[in-house]
Amino acid sequence: MEPTQNSISVDRRGEDGNNQINPDLPVNFIQDIISADLKAGKNDGRVHTRFPPEPNGYLHIGHAKSICLNFGLAQANRGLCNLRFDDTNPSKEEVEFVDSIKTDVRWLGFDWEERLYYASDYFEQLYEWALQLIKDGKAYVCDLTAEEIRAYRGTLTEPGKESPYSNRSVEENLELFEGMRAGEFPEGSRVLRARIDMASPNLNMRDPVLYRILKEPHHRTGDKWLIYPMYDYAHPLSDAIEAITHSICTLEFADHRPLYDWFIDNVNTEFKPHQYEFARLNLSYTVMSKRKLRALVEQGYVKGWDDPRMPTISGIRRRGYTPEAIRDFCDRIGVGKQDSTVDIALLEYCIREDLNRRASRVMAVLKPLKIVIDNYPEDQVEWLEIENNPETPESGTRQIPFAREIYIEQDDFMEDPPRKFFRLAPGREVRLKGAYIIKCEEVIKNETGEIIELRCTYDPDTKSGGPAAGRKVKGTLHWVSASHAVPAEVRLYDHLFVPENPDNDEDGRDFTQKLNPNSLSVISNCMLEPGVEASLPGERFQFLRQGYFVVDPDTRPGALVFNRIVALRDTWAKIQKKG
Ligand code: ATP
Ligand code: MG
């Protein structure tokens, strides 16, 4: 029944000859590679991974998969994992993103200890290696424009053409490259390229660009550099500098692996890292590329990177998800070699599983309808004992007030109910959770015919411990005492996009045209049971029958704001049953 996409079967028996499968090791093909490497004594028994974000946006749930994988493999194999910023492109990168990435990785529960690195720390070494490649006749300065380079590269079916500059002498190349660094040439006028093979069937090997001129300040190196290395060049060599044993990246880099290896083999690095690719996470009803998420933020489609509808870690955090639920989700989806889209309902399942055990129950009426209990004494207030969480009896009980005027949900009353409506209706009885059975006697409307109040009676014998406590009625409703209730704003969320795959643009519509106009509904003047008024941002509750909620940072004293994390209905379980 457990949802997982991992189906690779391998021998995971312990090294010591017993037939026990080591239960502490992750179950995925990269762990299998690591286990085999350890057995073969590779890398002196070391396991060293890295998580290498480019600081050009906030992290999203896809990055969480990579973080859990890289840090998780290191942990499970008593290895180390670095946090390395791949900050090779000053024009798109900002300190704000660096800070948010650090916050997010820590929040997910991982620790890079003192191993925080930046590719920009290696710029000098990378430059030295570029000089070496030039001296070895393996790199040249090329004056073709970007469009010409593209045209000369050829296509999958046609070989490329040699650049007219590829035969420059070593001396000329050295002089021009040093001139590029010194700022002697305008941006875009020249690049440094590797001399590999313009006829290679792999386009990445057709003399890729190593350095370009960019006269932009860098968030760490300031204006020291006027040339910047390309990702494909900086990445493998940064791995080599950090002696990364297993460089794990997503499948789209599989075609870049020959280039990765070429750089490793052609500079004088003692340590030779290896790249392994896994399938990236895609999630239904959302987009994941940083470029698209950035567009949503910058064009004001959402309130910010941490908008609770965003698939960013900061959005998911603000929405009220726990790091435990996200790590559980990453475990369940597994690590495979085939791209697929995971149903967002699985993520919702994981947070429900987690919060069901942890979240205190409270009564909260989102759309209040007033009830006056005519036969209940005017000034009487009874404090009724109610359990905090039926899943964990050790979480204890609390007292909530019951009085003559209460609120129930508007949706829990129908004047003319259909057959299967077991809630309140004229002449019908329901139980108020933890309190009495009441009966609806009269419906009060305003001049426009809107129901504004119900008059009811209660049966005093039906309280817990009373003579008729066991009397059965079909419906049980949540409620709050009107005079004690705490008002709050509640924000309900739905999928950010209408179609399951908003990235699919075959219909010619851009992803921003597929946003769900109802992804946010704000309900003001919800009524909550007293006791919640002192809650702080980040505190989570189950509102009975309504779902799990978290206090939003917009909360102010006297003005509570809650986000619904997820409704109670478990669509994932339903999908599983149907399947
Ligand atoms: P995007 O395409 O969303 O902009 P990216 O791959 O450019 O993402 P990086 O900052 O370069 O983002 O990614 C850091 C690490 O996270 C890389 O190793 C990358 O492979 C991994 N990663 C990014 N997106 C996903 C995803 N959807 N699923 C799993 N891993 C991912
Ligand atoms: Mg990237």
Side-chain angles (χ1 to χ4, degrees), residues 5-6 28-30 49-74 81-89 92-94 96-102 104-105 108 110 112 117-120 230-236 238-239 242 244 246-257 260 273-298 305 310-316 326-327 329-342 344 346-347 501-503 511:
Q5 62 174 40
N6 203 306
N28 63 57
F29 75 95
I30 301 180
T49 57
R50 85 287 169 267
F51 173 62
E54 185 183 353
N56 61 349
Y58 280 57
L59 296 182
H60 52 60
I61 180 83
H63 292 112
K65 177 177 181 180
S66 175
I67 293 167
C68 289
L69 182 61
N70 278 293
F71 281 93
L73 286 170
C81 181
N82 299 351
L83 174 60
R84 181 205 310 146
F85 287 101
D86 253 312
D87 55 350
T88 50
N89 184 357
K92 287 194 288 177
E93 296 161 4
E94 288 170 31
E96 176 196 349
F97 299 139
V98 169
D99 293 340
S100 75
I101 290 169
K102 289 200 256 179
D104 290 349
V105 174
L108 277 174
F110 298 104
W112 55 88
Y117 301 120
Y118 295 84
S120 56
M230 300 301 288
Y231 174 85
D232 273 343
Y233 175 68
H235 189 76
S238 302
D239 284 342
E242 293 174 18
I244 298 302
H246 299 82
S247 177
I248 305 165
C249 64
T250 36
L251 283 179
E252 69 273 20
F253 289 100
D255 285 346
H256 298 237
R257 180 154 26 100
Y260 184 104
H274 284 278
Q275 173 182 301
Y276 303 92
E277 306 91 18
F278 71 100
R280 69 193 293 115
L281 167 65
N282 302 301
L283 208 53
S284 59
Y285 299 103
T286 194
V287 296
M288 208 85 98
S289 114
K290 273 186 282 190
R291 182 182 64 74
K292 290 182 179 171
L293 295 176
R294 195 169 172 156
L296 292 176
V297 174
E298 285 173 357
W305 286 98
M310 291 278 273
T312 51
I313 310 263
S314 48
I316 291 172
I326 296 172
R327 293 199 303 261
F329 171 73
C330 290
D331 268 355
R332 285 171 190 272
I333 57 176
V335 181
K337 288 196 243 192
Q338 202 112 56
D339 275 322
S340 67
T341 298
V342 174
I344 201 164
L346 177 58
L347 186 60
N501 178 8
D503 275 325
F511 70 102

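These numbers come from a predicted model, not from an experiment. Counting starts at 1 for both ligands and their atoms, in listed order. Just so you know, residue 1 is the first one in the sequence shown, and it goes up from there.
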Cation over ring face, K337 and F29, 6.0 Å, 45°: yes

Run the numbers for me: atoms of ligand 1, each under 4.0 Å from some heavy atom of F278, listed by number. 29 (C), 30 (N)

Any N/O pair R50/ligand 1 closer than 3.5 Å: no

Would you call Y231 a ligand 1 contact, heavy-atom distance under 4.0 Å? no

Any chance the side chains of Q338 and S340 put a donor and an acceptor closer than 3.5 Å? no

As a check for students: among R291, R294, K290, identify the option with a heavy atom nearest to atom 7 (O) of ligand 1. K290

Under 4.0 Å from a heavy atom of M288: give me the atoms of ligand 1 that qualify, with their elements. 3 (O)

Is the backbone of H60 close enough, under 3.5 Å, to the side chain of H63 for a donor and an acceptor to pair up by distance? yes

Suppose I only count heavy atoms of T250 and a 4.0 Å limit; which atoms of ligand 1 are within that range? 19 (C), 20 (O), 29 (C), 30 (N), 31 (C)

In ligand 1, which numbered atoms sit nearer than 4.0 Å to a non-hydrogen atom of S289? 3 (O)

Can you tell me if K65 uses its side chain to pair, donor with acceptor, with the backbone of A279 under 3.5 Å? yes

Just which atoms of ligand 1 are under 4.0 Å from any heavy atom in P52? 14 (C), 18 (O)

Could you tell me if D239 and Y260 have a donor-acceptor pair between their side chains, going purely by distance under 3.5 Å? yes

N/O separation below 3.5 Å, G62 to ligand 1: yes

P53 heavy atoms, cut-off 4.0 Å: which ligand 1 atoms fall inside? 10 (O), 14 (C)

Parallel, tilted or perpendicular, judged at 30° and 60°: which one describes the rings of Y58 and W305? parallel

Hey, are E54 and Y231 close enough side-chain-wise for a donor-acceptor pair under 3.5 Å? no

Expected output: side-chain N28 to main-chain I30 donor-acceptor under 3.5 Å: yes

Of R280, H63, H235, R84, the residue with the heavy atom nearest atom 16 (O) of ligand 1 is H63

If you measure from each heavy atom of F51 to ligand 1, is any distance below 4.0 Å? yes

Could you check whether any side-chain N or O of R327 sits under 3.5 Å from a backbone N or O of L108, counting only pairs where one atom can act as donor and the other as acceptor? yes

Counting only nitrogen or oxygen atoms and a 3.5 angstrom limit, does A279 reach ligand 1? no

